[in-house]
Amino acid sequence: MRSIQQDRTYDTYRGLNDRLKEYERLKRLQKTAVLLAAVILAGAFSSEDIKVEATSSTWQQIQKEQQEKNELQNQLNQENDNLENLKGEQNSLKGQLNNLNGQLTEVSNNLADLEQQIADKEQEIADTQDSLEKAKATEEWQYECMVIRVRDMYERNETSYINAILSAQSFDKLLNAADFFERIAAYDQKKLKEFEENRQLIEEEEARLQTEKAELDDLKLEAEAEKSKVSGLISQTSNNIAKYAGDISEAEQRALAYEAEIKKKEDNLETLRKKLAEEIAMSQKAANATWRDISDISFEEGDRYLLANLIYCEAGGEPYDGQLAVASVVINRVRSSVYPNTVVGVIYQNKQFSPVASGRLELALAANKATSRCYQAADEAMSGVTNVGNCVYFRTPVEGLTGISIGGHIFY
């Protein structure tokens, strides 16, 4: 069986739920009326005339957007540095490619020159071989002529030489006959020797030409290898240049994406700064507005339960002063003519308390997560006690925000 206290808690929560449902119904009707009014008055008022509701998380959103923008800017700077490096590498490769193309031209010209020299050398060798064949033929012909003369002189007419000597009528004629035969023999020997020497010279010339051609062939092989090497380097360098072109294109796309994101963040920051200015103006307006005395406020059944659980969600881990300060902000808004005049209306006002939007408050209400200290803070605030004066906003500390610092929040 449930205890009396549990029954009371249940009845209180049930009554609160009924009031919340009624409030939501009224809100829906109010939104419908506002939309109809907006449609009717759209031509009479600009968008700047429509008041944007400020929230207590505006500073945090600004800080988050600014931090994300800074991170994007750092990434953009890094990408731009990377882009410059890629372009530098690409330009360096283009310089190398120009040098390689120059080398290829030089090697190709050298190779063409060697091929011409080889062709000329092959023609010289062919001409020399032709001369050698002619010299060999001449040498053989001379040798055959000499053999024929010897045969005629010594074999076919053995007595001709003796007869020529014996028939000489004087010693002078005898000497002349002997000298004649001797000069014929000497001439044959001389000519044969000349032809042999000429043939040897031609053979030596051919050997020299063949050696030179072999050297040219080796040089041609080296030139072809160098040309192949340079061509390979040109192909590799061209591929690297193309790769860098792809990398540069991707880096440029990333840089453009970062720039677009930064522009989006700047737009968001501008919107949030306007919203913050309106929030501050709202706070100042609340400070200067009409304030009801706490004794003029009639709290409804369930207000204490709702407020205590909101305190738990916003400052459950804070010291008691921090919990009382959160409760004071809610009651200050109830007292101010700028905000709704009920605890339910203040807490469920659109985009004011983050636990409402996130669903944490609903979970806390379902399980009554509020501690005794949260209830104590709610009771004190509802009795008129405040430790933050007339502050109507609070948030975690950020640079540039001033106010009353209690626990982990700034109240302003």
Side-chain angles (χ1 to χ4, degrees), residues 86-156 179-247:
L86 289 173
K87 289 181 178 178
E89 291 292 337
Q90 187 186 49
N91 289 334
S92 176
L93 286 173
K94 287 180 178 179
Q96 295 179 25
L97 183 62
N98 290 334
N99 292 334
L100 289 172
N101 284 327
Q103 293 179 29
L104 181 62
T105 300
E106 183 179 352
V107 171
S108 298
N109 292 337
N110 184 36
L111 184 59
D113 182 61
L114 286 172
E115 289 174 345
Q116 185 60 48
Q117 290 185 46
I118 290 172
D120 294 342
K121 194 65 64 176
E122 287 175 343
Q123 185 61 46
E124 288 184 40
I125 291 172
D127 294 341
T128 302
Q129 288 175 341
D130 184 61
S131 298
L132 180 60
E133 292 300 322
K134 290 180 179 179
K136 288 180 179 179
T138 303
E139 181 184 4
E140 290 175 358
W141 173 77
Q142 179 63 28
Y143 179 77
E144 289 175 358
C145 290
M146 185 182 67
V147 169
I148 291 171
R149 281 194 294 272
V150 170
R151 184 182 300 117
D152 288 341
M153 291 172 58
Y154 298 107
E155 294 179 2
R156 193 169 54 185
D179 181 63
F180 171 76
F181 287 107
E182 184 178 353
R183 282 188 286 115
I184 290 176
Y187 173 80
D188 286 337
Q189 291 293 333
K190 177 182 178 183
K191 284 297 180 181
L192 183 59
K193 185 177 180 181
E194 287 178 356
F195 290 134
E196 287 179 351
E197 290 177 351
N198 185 49
R199 178 178 57 80
Q200 289 177 357
L201 289 175
I202 293 174
E203 287 178 348
E204 291 174 358
E205 180 66 12
E206 181 189 22
R208 182 184 67 80
L209 292 173
Q210 291 288 1
T211 300
E212 291 179 355
K213 181 180 179 298
E215 292 174 352
L216 289 173
D217 288 337
D218 291 341
L219 289 175
K220 180 182 177 182
L221 290 176
E222 292 177 3
E224 288 176 343
E226 184 67 18
K227 181 179 180 181
S228 177
K229 177 182 176 182
V230 174
S231 297
L233 290 174
I234 288 175
S235 177
Q236 180 181 355
T237 305
S238 298
N239 291 336
N240 288 337
I241 290 174
K243 178 180 179 299
Y244 273 104
D247 292 343

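Heads up: numbering here begins at 1 and tracks the sequence. These values consider heavy atoms only, across backbone and side chains, with no hydrogens, waters or symmetry-generated copies. Here the structure is a predicted model, which means the values were calculated and not measured.
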*Asks:* Going from CG on Asp113 to CD1 on Ile118, what distance comes out if it is rounded to the nearest 0.5 angstrom?
*Replies:* 10.0 Å
*Asks:* Please determine, by modelled atom types, if Asn110 and Glu106 share a side-chain donor-acceptor pair under 3.5 angstrom.
*Replies:* no
*Asks:* Here's a test for you: under side-chain contact (heavy atoms from CB on, under 4.5 Å), which of Leu97, Leu100, Leu233 qualifies with Ser238?
*Replies:* Leu97
*Asks:* For residues Ile125 and Lys213, report the shortest heavy-atom separation together with the two atoms involved.
*Replies:* CD1-CD, 3.8 Å
*Asks:* Distance check, rounded to the nearest 0.5 Å: Gln116 atom CD versus Leu216 atom CG?
*Replies:* 11.5 Å
*Asks:* Using distance alone, with no hydrogens and no angle criterion, decide if Gln103 and Asn99 have a side-chain donor and acceptor under 3.5 Å apart.
*Replies:* no
*Asks:* Salt bridge (Lys or Arg N to Asp or Glu O under 4.0 Å) with Glu205: which residues, sequence neighbours excluded?
*Replies:* Arg208
*Asks:* Roughly how far apart are Leu209 CG and Asp120 CG, rounded to 0.5 Å?
*Replies:* 11.5 Å
*Asks:* So which heavy atom on Val107 is nearest to which on Glu226, and how close?
*Replies:* CG2-CG, 3.6 Å
*Asks:* Would you say that Ser231 contacts Lys227 through its side chain, given a criterion of any heavy-atom pair below 4.5 Å between the two side chains?
*Replies:* yes
*Asks:* Between atom CD of Glu196 and atom NZ of Lys193, what is the distance when rounded to the nearest 0.5 Å?
*Replies:* 9.0 Å
*Asks:* Supply the atom-to-atom distance Asp217 CG to Glu212 CD, rounded to the nearest 0.5 angstrom.
*Replies:* 12.0 Å
*Asks:* So, does Ser228 use its side chain to make a donor-acceptor pair with the main chain of Glu224 at under 3.5 Å?
*Replies:* no
*Asks:* Just by distance, do the side chain of Asn109 and the backbone of Thr105 share a donor-acceptor pair under 3.5 Å?
*Replies:* yes
*Asks:* Got a second to check how far Leu104's CG is from Lys229's NZ, nearest 0.5 Å?
*Replies:* 13.0 Å
